[in-house]
There are 2 protein chains.
Amino acid sequence: MITEDILAGLRSIVGASGLKTADALSLINPGADEHNLDAGVMVVPQNTGQVAAILHLCNEQGIAVVPHGGRTGLAGGAVSTPGEIILSLAAMTRIESLSATAGTAIVESGVTLQALQEAAAAVNLSTGIDIASRGSATIGGMISTNAGGMEAFRHGVMRHRVLGLEVVLPDGSIMSEMAQVSKSNEGYDLKQLFIGAEGTLGIVTRAVIRLAPSDEFTATALVACPSATSAVALFQTLQRNRGLNLLRAEFMARTYFALAARDLGPASLAAFTQAPAYLILETDATDQLLAQSALEEALANGIEEGLVADAILAQSEKGRSEIWNIREDSNVVTRAYPHGYWFDISVPLQELETWLKQFEQGIAALGPDISGFAFGHLGDGNLHVGVAGESVNPDKDAVKAIIYANLKQMGGSFSAEHGIGLEKKPELKTLIDPVKLALMQSIKKTIDPKGIMNPGKIIG
Amino acid sequence: MITEDILAGLRSIVGASGLKTADALSLINPGADEHNLDAGVMVVPQNTGQVAAILHLCNEQGIAVVPHGGRTGLAGGAVSTPGEIILSLAAMTRIESLSATAGTAIVESGVTLQALQEAAAAVNLSTGIDIASRGSATIGGMISTNAGGMEAFRHGVMRHRVLGLEVVLPDGSIMSEMAQVSKSNEGYDLKQLFIGAEGTLGIVTRAVIRLAPSDEFTATALVACPSATSAVALFQTLQRNRGLNLLRAEFMARTYFALAARDLGPASLAAFTQAPAYLILETDATDQLLAQSALEEALANGIEEGLVADAILAQSEKGRSEIWNIREDSNVVTRAYPHGYWFDISVPLQELETWLKQFEQGIAALGPDISGFAFGHLGDGNLHVGVAGESVNPDKDAVKAIIYANLKQMGGSFSAEHGIGLEKKPELKTLIDPVKLALMQSIKKTIDPKGIMNPGKIIG
């Protein structure tokens with residue numbers, strides 16, 4: 001219960017404009033989950049000191065705190081309920097410094113990915129990570145969910161981009177590990193606990209991010225492959241090809257591509273070769289012609305080796321956008337099937353074909369009205385999978401049984417890059433090692449004994 | 001106190017040949033620290049089940065356990081004392097599987113780095129990490145110290161090579177997180193706690209390691225640079241050069257190079273240009289001529305741009321070995337100055353020149369008999385630094401004050417890649433954030449309430 005006294009206490013920390021309720025809150029976009037703003041109280045601190053003071057107050061009063069970044073998370077990690085307060089990092093958007101020499105940036109956690117991408121691009125660097133929600137997603141949110149995205153096979157996931165971290169603990173103390181170097185072994189690497197903890201252990205306020213070299217010019221191709229195995233083989237060949245610099249390798253199984261190409265067009269893509277597996281490949285280079293010719297040659301070799309059935313090389317920025325739209329506007333499935341189930345899994349590459357066959361057969365066995373859509377980031381074996389019926393959805397447990405069958409034994413994961421939030425809690429309870437689950441609970445209790453940090457998310 | 005009953009209990013787990021005391025132990029090389037075997041009792045399990053049974057027994061009896069890998073650690077993390085038992089992973093050396101398609105290997109933790117390197121090379125892959133002690137250092141030891149080495153700027157440190165981990169906790173329970181994929185967010189990433197914990201939280205028994213593409217042919221050059229800043233600029237230029245694939249960039253300041261070239265030879269290297277900064281650069285490629293010509297051209301450009309004063313390109317395997325010997329046999333300093341002090345720090349690249357100037361001036365101020373030797377892994381700003389007097393050593397605290405001055409403010413680290421062990425405990429206590437230190441102690445207590453795991457190392 002948020003009393004007037006508590007509101008007054010919060011107001012004294014952040015000022016009247018930093019405390020949003022009722023009308024002020026109704027102007028804010030709830031983001032990816034309609035329940036994100038249900039708490040009805042949002043506090044917007046300007047700096048780490050204010051975050052610390054807020055947590056200190058809430059910990060003393062036993063008030064739950066739900067941290068908000070860009071509210072783009074897909075697993076319900078930002079959902080809030082009355083009686084809780086939302087702590088938004090939206091006002092902490094400073095890029096404090098950026099060193100081109102060292103390839104590092106020091107940022108506040110409310111900086112959006114796109115803002116950091118633009119600052120890095122100005123000195124020919126990239127963030128080494130990219131996700132479709134770049135305009136809203138914040139660095140703090142991406143750290144808290146250990147975001148992945150399209151370039152992870154080359155540059156790692158968010159965890160690998162974080163050199164240093166500042167976190168406010170539930171009691172309001174500030175843990176600072178702001179090293180700007182990749183080699184630092186100063187005792188337990190505690191910042192790793194907060195990366196991917198979805199705000200259940202503390203609040204990320206600042207970070208040192210490692211940037212990556214990047215080149216200005218890109219080449220993009222849509223490729224049809226005779227099988228998932230050949231798509232993997234093509235990926236490996238291109239990844240090792242010194243003549244090009246593979247940046248992205250997005251995968252689409254037949255059903256997804258057919259739907260997306262039909263509904264998103266243009267006609268040239270809708271009429272593209274039918275195949276069991278498609279890739280969107282993107283490379284970068286110091287020169288446009290070089291990028292195009294290297295990718296063209298590599299794909300010609302792929303055709304000769306039987307790894308490629310057909311390919312379209314984008315010849316303009318418009319052509320590139322049309323190709324990317326097929327993959328990035330994956331809501332095309334939800335528009336056609338609003339009530340489908342969604343999964344976010346990783347499959348080791350040597351098992352990809354096996355998993356896809358098992359998936360297709362399983363979905364087919366559910367009945368002729370049921371469709372399965374698989375697409376994602378090939379290099380990581382990360383598939384986003386939607387399953388939906390034309391009129392009636394299949395039984396959710398039957399679908400889960402198909403998706404998760406043998407996945408753990410294969411070395412895969414039921415939770416690749418969207419996090420656990422509220423949505424994957426049933427999976428977490430049943431699919432992870434019970435020894436790990438018990439230790440997670442001990443760690444949660446050690447760091448957040450009163451359970452005020454984003455309660456009910458992940459565990460508890 | 002290790003009683004006969006306890007020895008009998010251990011013997012019943014590992015068999016008579018798996019328990020080594022007295023004579024059997026005296027045949028074993030103590031490794032990098034003469035006190036590593038002082039416990040006088042070593043148990044050598046064959047599998048994870050035996051490790052679990054040993055820890056269960058020791059936890060019940062309150063007996064301290066010191067895990068041993070290859071005993072190559074330089075910070076005293078494997079030192080043992082009477083009353084403790086040593087648990088050696090030397091018999092757990094299976095490479096369980098290696099997938100060329102996925103670029104992953106599943107190994108037991110006693111596998112040496114070199115054994116895994118050889119298995120990976122057979123399918124044109126590399127471990128993505130290399131250290132001079134590769135013949136003895138084990139994967140488990142490298143995970144427990146979060147080893148770095150020469151290729152970290154390109155492929156990350158050991159933490160970034162670990163996809164999955166199996167750990168035996170102090171109570172004998174087994175935590176298994178053996179995912180084979182890089183995108184897995186199944187709750188808190190607890191395996192990160194054990195990476196770099198130097199055996200103080202549990203024992204790493206198996207791991208999934210991510211391998212990296214590699215090429216067979218290398219080109220190697222010794223380069224003299226007019227300043228540390230130009231060495232950094234050259235490194236950045238080469239790292240972004242698409243025509244070559246920079247694999248290693250080792251740094252040597254003038255004093256180290258002069259001593260090593262003089263004592264290790266050959267005459268051609270001893271007579272090489274005098275300069276404030278030297279690099280050993282290594283690239284790899286699919287073809288020997290290509291590797292050589294690309295590096296030669298890049299260095300010619302470096303001369304034109306004023307970043308390179310002079311360079312020697314190795315023309316044979318013998319020439320390559322001679323160049324590498326100057327850097328890898330860094331014990332050359334210890335042979336000349338047996339009682340010097342050693343440090344293992346990271347300096348952000350934009351601060352390298354400043355730090356080196358500050359270091360040289362500080363050492364000079366200690367007196368004419370005192371020499372400072374700095375060398376290391378340029379890409380990570382990781383310097384190994386030795387300081388020694390001709391006859392009498394300087395005051396150690398005065399030396400520490402020079403080495404650590406402004407290092408934290410610069411964003412550097414006092415402990416880069418060797419770990420804390422016993423040696424860096426004073427630094428840990430005084431130089432890290434007290435909030436982090438307190439949380440480390442809470443975590444240690446949560447996971448190892450009886451304090452049996454490698455006591456006295458890092459904390460406690």
If you count heavy-atom pairs under 4.5 Å with chain A, which of Ile458(B), Asn146(B), Ile106(B) comes out on top?
Asn146(B)

Heavy-atom pairs under 4.5 Å with chain A, option from Lys445(B), His377(B), Met178(B) with the top count:
His377(B)

Mind running side chain to side chain contact (heavy atoms under 4.5 Å, CB included) on Leu428(B) and Ile459(B) for me, showing each step along the way?
CA-CA 8 Å; Leu428(B) 191 79; Ile459(B) 52 174; 3.9 Å; yes

Among the options Val208(A), Leu201(A), Leu352(A), pick out the one with the most heavy-atom pairs lying under 4.5 Å from chain B.
Leu201(A)

Is Asn382(B) close to chain A through its backbone or its side chain, or both, or neither, when contacts mean heavy atoms under 4.5 Å?
side chain

Tell me, side chain or backbone of Ile345(A) under 4.5 Å from chain B's heavy atoms, or both, or neither?
neither

Okay, Ser442(A) and chain B: the region with an atom under 4.5 Å from a heavy atom over there is both

Measure Ile432(B) against the heavy atoms of chain A and call it side chain, backbone, both or neither at under 4.5 Å.
side chain

Which of the residues Ser415(A), Ala197(A), Ala285(A), Ser346(A) is involved in the greatest number of heavy-atom pairs with chain B at under 4.5 angstrom?
Ser415(A)

For a quick check under 3.5 Å, do Ser184(A) and Ser413(B) share a side-chain donor-acceptor pair by atom type?
yes

Tell me which of these, Ile443(B), Thr101(B), Val157(B), Leu349(B), has more heavy-atom pairs under 4.5 Å with chain A than the rest.
Thr101(B)

Do side-chain atoms of Arg210(B) reach the backbone of His160(B) as a donor and acceptor pair under 3.5 angstrom?
no

Using a distance-only test with no angle check, is there a side-chain donor-acceptor pair under 3.5 angstrom linking Glu351(A) and Gln180(B)?
no

Under a 4.5 Å heavy-atom cut-off, does chain A meet the side chain of Ala233(B), its backbone, both or neither?
neither

Measuring heavy-atom distances to chain B, does Thr200(A) have an atom under 4.5 Å in its side chain, in its backbone, in both, or in neither?
both

With a 4.5 angstrom heavy-atom cut-off, could you sort out which part of Asp284(A) is near chain B: side chain, backbone, both or neither?
both

Spell out, as yes or no, whether a donor-acceptor pair under 3.5 Å connects the side chain of Glu177(A) to the backbone of Lys191(A).
yes

Quick one: what part of Phe235(A) sits under 4.5 Å from any heavy atom of chain B, side chain, backbone, both or neither?
neither

Side-chain donor/acceptor of Thr229(A) to backbone N/O of Glu353(A), under 3.5 Å
no

May I ask you to name which of Ile447(B), Leu431(B), Asp215(B) has the most heavy-atom pairs under 4.5 Å with chain A?
Asp215(B)

Greatest number of heavy atom pairs closer than 4.5 Å to chain B - which of Gly419(A), Ser214(A), Gly187(A), Ser173(A)
Gly187(A)

Pick one of side chain, backbone, both or neither for Leu439(A), based on which atoms fall under 4.5 Å of a heavy atom in chain B.
both

Could you tell me whether a side-chain N or O of Asn454(A) sits under 3.5 Å from a main-chain N or O of Gly77(A), the two making a donor and an acceptor?
yes

Answer yes or no: are there more than 12 heavy-atom neighbours, outside Glu216(B) itself, under 6.0 Å from its atom CD?
no

Would you please test His155(A) and Ile129(A) for side chain to side chain contact (heavy atoms under 4.5 Å, CB included) and show each step?
CA-CA 7 Å; His155(A) 295 302; Ile129(A) 190 162; over 6 Å; no

Chain A contact via Asp344(B) - side chain, backbone, both or neither, heavy atoms under 4.5 Å
neither

Counting heavy-atom pairs under 4.5 Å with chain A, which one of Pro348(B), Gly196(B), Gly103(B), Gly243(B) comes out on top?
Pro348(B)

When you check the side-chain N and O atoms of Thr205(A) and Glu166(A), is any donor under 3.5 Å from an acceptor?
yes

Side-chain donor/acceptor of Arg154(B) to backbone N/O of Leu246(B), under 3.5 Å
yes

Portion of Ala438(A) that has a non-hydrogen atom of chain B nearer than 4.5 angstrom
neither

Without swapping roles, check the side chain of Lys424(B) against the backbone of Glu186(A) for a donor-acceptor pair under 3.5 Å.
no

Any donor-acceptor N/O pair, Glu198(A) side chain to Ile420(A) backbone, under 3.5 Å
yes

Using non-hydrogen atoms only, which part of Leu437(A) is less than 4.5 Å away from chain B: side chain, backbone, both, or neither?
neither

Residue among Lys183(B), Arg159(B), Met410(B) with most heavy-atom pairs under 4.5 Å to chain A
Lys183(B)

Testing the 3.5 Å rule here: is there a donor-acceptor pair between the side chains of His418(B) and Glu423(B)?
no

Side chain from CB out, backbone as N, CA, C, O: work out which of these in Asp380(A) comes under 4.5 Å of a heavy atom of chain B, or both, or neither.
both

Which atoms of Gln236(A) approach chain B - backbone, side chain, both or neither, heavy atom under 4.5 Å
side chain

What part of Val167(A) lies closer than 4.5 angstrom to a heavy atom of chain B: side chain, backbone, both or neither?
neither

Using non-hydrogen atoms only, which part of Ser99(B) is less than 4.5 Å away from chain A: side chain, backbone, both, or neither?
side chain

Test item: Ser182(B) and Leu163(B) side chains (from C-beta on) under 4.5 Å apart, heavy atoms
yes

